[in-house]
Amino acid sequence: MASLLEQYAGIVGEEVIEHLRQLANPLKDMKIVHVNSTREGGGVAEILNRLIPLKRELGIDANWEVISGEKKFYQCTKKMHNALQGNRDDIPDALLRSYERINKQNYEELKTKLVDADIVFIHDPQPVPLLDYCSARKGKWIWRCHIDVSHPYRPVWKYLRKFITGYNASIWSLAPFAQPLPHIQYLIAPSIDPLSEKNIDLSEEEIAVFLDEWGLDRKNPIITQVSRFDRFKDPIGVIVSYRLIKKYAPVQLVLAGGSASDDPEGMQVLKEVKAFAGNDPDIHILELPSNANRAINALQRGSDIIIQKSLREGFGLTVTEGLWKGKPVVAGDTGGIRLQVINHHNGFLINTPEGAALRIRYLLKHRDILETMGKKAHQFVLENFLITRHLREYLTLMVALMFGSEERIELKLSVS
Amino acid sequence: MDTDFKVMDCALIAISTGEQAQNLRELRDRLVTTHHGCIYYHFWGSLLRPRFDDPEYQNDFAIWASRSLHDKRLAEQLSLIDPSIYPNLDALRQEIVEVIEQNLYESEYVPWAKLGDQFYFNRSQIVVFDSGILVKDPEQLVGLINHLPLGSIFYHFIDARRRSKEGRNDFSLWLDRLGEKYKPLSQHLDVIDPYFTTLNELRREIDVVFHDYITGGA
């Protein structure tokens, strides 16, 4: 079987993989440790599942460690996660003590690996205090923040900040997320993995099976929004847009999101969305389990246009996924969506349900433009938002950290 | 040998400076003092970042003026600033500040961006490494240029202007060292405008110049 790098070369081209090999040369045999709090589920685990084997193929001694805790620890980190995204919720002292104690316990287990590593990447807030316990560390420590921290709840940020300031560097997904800190702050945008279940090519037959299962008719246009049931994703606004389009074209609307059973606010939004949709047979509200990656893939591929009518968005990986499937994306003019959707090139940035309806009607009327935009959309993600670009930036950052802090770092090593 | 051309490659990583501007006056104030790397990043760095082949505006300041300040006039004026004609980044910085000050002077109010639409000042670190490609003579570059990584084009054609005293690209400097025979070729390369383009387009242009000259088309 082809190596991972060979598989990616088949998608992005040998030139891109060769570039990675050259860049990784000076990092050969370096000990790199990534630490997060879960091996499966969630975007961070998804990325690490790919990045670690890729780094190893490039000759880097990369390892992935996972910290574990008890109920109180996870309660605390869940609250932290929400607070960093702006939820005004104080964390009781008892939970914070548990958070620090669990980190100390995990440190004792990982001690040797962490002390000896040349570079340690700590992902998100869960393992942040590990650094404080590792006073004998030899390498550089980097905090990688995957969360939208543009408007953090200040008391919780202030608590975490005292741990984060000790790091040699931090990485943020977008410039607006970066917070004042006394170290260098790198910017690395998220990416998608073209070989994952959610993004891999599917046969027309498989797509048809899924669409049939959901009662969707491919003869009529399908407009899809994939996102959790959250007010910031404006699902009601999507339905308003759909009704404005429906007067002119026989469209079907799909609102697909994860099950909201463990999220009281999500359940409330879902209830409101269902009530607003009424009995319209052409509005399909799908509650898909979190591992329904192939189903989401088929849904995006089977759609004519992807909509992401967010009012506020971090990066918007569902936009990236839609573009990758060769679909124009009509999306809210906010956050990281602006990096991805370029008006008239691969979709449209909109501000209102009316704006979304207008652009979707335009695309449905001009099928040739829809097709052209779809092709450009795929190419744009290919060149900018795949995991190979993410890996390149990690490698660049590692080289920069290990070989100098200046603006320009010239590697003297010749290519082997 | 001294006459060989060693093709280098480079990769850029963005760094947040934490500085931001909410309105045009703040942008002007920050521009005066910000790290010169920010000027470089927001003018040249965009060539290595996501964008389509025909961007409406050529640098991040112009894009912000258009998108967030909704000031098309300013956007056009900022977009027309050609960074390749300034001897250094401070001279370029001065020109941007001039354009903004003129607009502030003529404007009845200070244009503001919505909350969340601030201008964020970034800079970058560039890592330069050997691509492993060694070119013996200009003839060898015919057909090869189109297969060079975009990082190599950036390094030898854009970044070179900052490194060389003459503000020229590496290919031209190399050709001049090879003697009179290649002077016309280096002159052709010198007149390629590296700014109002993309790296893909630039690579094609350089390839055509080499091809036409070496094969006698020019």
Side-chain angles (χ1 to χ4, degrees), chain A residues 15-16 18-19 21-23 25-26 150-151 169-170 172 174-181 184-189 312 333-335 338-340 342-343 345-346 349 376 379-381 383-385 389 392-397 399-400 403-416, chain B residues 6-20 35-38 40-41 48-56 60 63 67-68 89 114-134 146-152 155 159 162-163 198-200:
Chain A
E15 168 195 314
V16 171
E18 192 51 34
H19 181 86
R21 287 200 179 100
Q22 314 276 4
L23 195 50
N25 260 339
S150 47
H151 304 90
S170 51
W172 308 79
L174 293 172
F177 299 173
Q179 294 293 318
L181 285 165
I184 193 162
Q185 298 184 63
Y186 291 103
L187 300 171
I188 299 184
R312 198 169 137 189
D333 185 5
T334 181
R338 290 171 171 178
L339 286 182
Q340 305 184 64
I342 316 289
N343 270 331
H345 286 282
N346 59 0
L349 293 168
K376 286 175 92 171
Q379 188 64 24
F380 192 57
V381 175
E383 287 170 9
N384 299 297
F385 294 114
R389 187 271 307 154
R392 184 190 74 215
E393 292 188 322
Y394 262 107
L395 296 174
T396 311
L397 176 156
V399 170
F403 296 93
S405 55
E406 309 81 26
E407 258 187 296
R408 167 183 303 278
I409 295 145
E410 305 220 8
L411 298 175
K412 301 295 176 204
L413 295 174
S414 61
V415 180
S416 57
Chain B
K6 193 191 236 184
V7 179
M8 304 298 284
D9 197 350
C10 71
L12 210 68
I13 180 90
I15 295 167
S16 164
T17 65
E19 291 178 298
Q20 48 182 278
H35 193 287
H36 65 268
C38 292
Y40 184 76
Y41 178 84
L48 280 175
R49 281 186 280 126
R51 70 174 191 181
F52 279 103
D53 279 355
D54 49 352
E56 191 176 6
D60 294 342
I63 292 167
R67 184 182 280 178
S68 301
L89 288 169
K114 273 195 314 191
L115 202 63
D117 280 358
Q118 296 94 317
F119 185 90
Y120 293 92
F121 285 85
N122 300 330
R123 60 184 186 91
S124 58
Q125 273 178 311
I126 185 168
V127 172
V128 180
F129 52 97
D130 191 339
S131 74
I133 302 167
L134 198 64
N146 263 339
H147 298 284
L148 292 182
L150 292 178
S152 297
Y155 180 78
D159 189 70
R162 213 176 154 194
R163 280 183 277 113
T198 63
L199 286 179
N200 268 314

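In the text below, chain A, chain B and the rest are named by the order of the sequence lines, each starting its count at 1. Keep in mind that the numbers below use all heavy atoms, side chains included, and drop hydrogens, waters and symmetry copies.
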(request) Tell me, for B:Y41 versus chain A, whether the close heavy atoms (under 4.5 Å) come from the side chain, the backbone, both or neither. (result) neither
Top residue by heavy-atom pair count (under 4.5 Å) with chain B, among [options]?
| options | result |
| --- | --- |
| A:H19, A:E15, A:E393 | A:H19 |
| A:V16, A:L23, A:V399 | A:L23 |
| A:P176, A:A178, A:P180 | A:P176 |

Would you give the length of the straight line joining atom [atom1] of [X] to atom [atom2] of [Y], rounded to the nearest 0.5 angstrom?
| X | Y | atom1 | atom2 | answer |
| --- | --- | --- | --- | --- |
| A:Q22 | B:C10 | CD | SG | 13.0 Å |
| B:N200 | A:E383 | CG | CD | 6.0 Å |
| B:E56 | A:I342 | CD | CD1 | 11.0 Å |
| B:D9 | A:E18 | CG | CD | 9.5 Å |
| B:L12 | A:R392 | CG | CZ | 8.5 Å |

(message) So if I apply the side chain to side chain contact (heavy atoms under 4.5 Å, CB included) rule between B:I13 and each of A:L187, A:L395, A:I188, which one comes out positive?
(response) A:I188
(request) Give, as side chain, backbone, both or neither, the part of A:Q379 having an atom under 4.5 angstrom from any heavy atom of chain B. (result) neither
(message) Report which part of A:R21 has an atom under 4.5 Å of a heavy atom belonging to chain B: side chain, backbone, both, or neither.
(response) neither
Is the shortest heavy-atom distance from the side chain of [X] to the side chain of [Y] under 4.5 Å?
| X | Y | answer |
| --- | --- | --- |
| B:V127 | A:L411 | yes |
| A:I184 | B:Q125 | yes |
| A:N343 | B:R67 | no |

(request) Return yes if a side-chain donor-acceptor contact under 3.5 Å exists between A:E407 and B:H35, otherwise no. (result) no
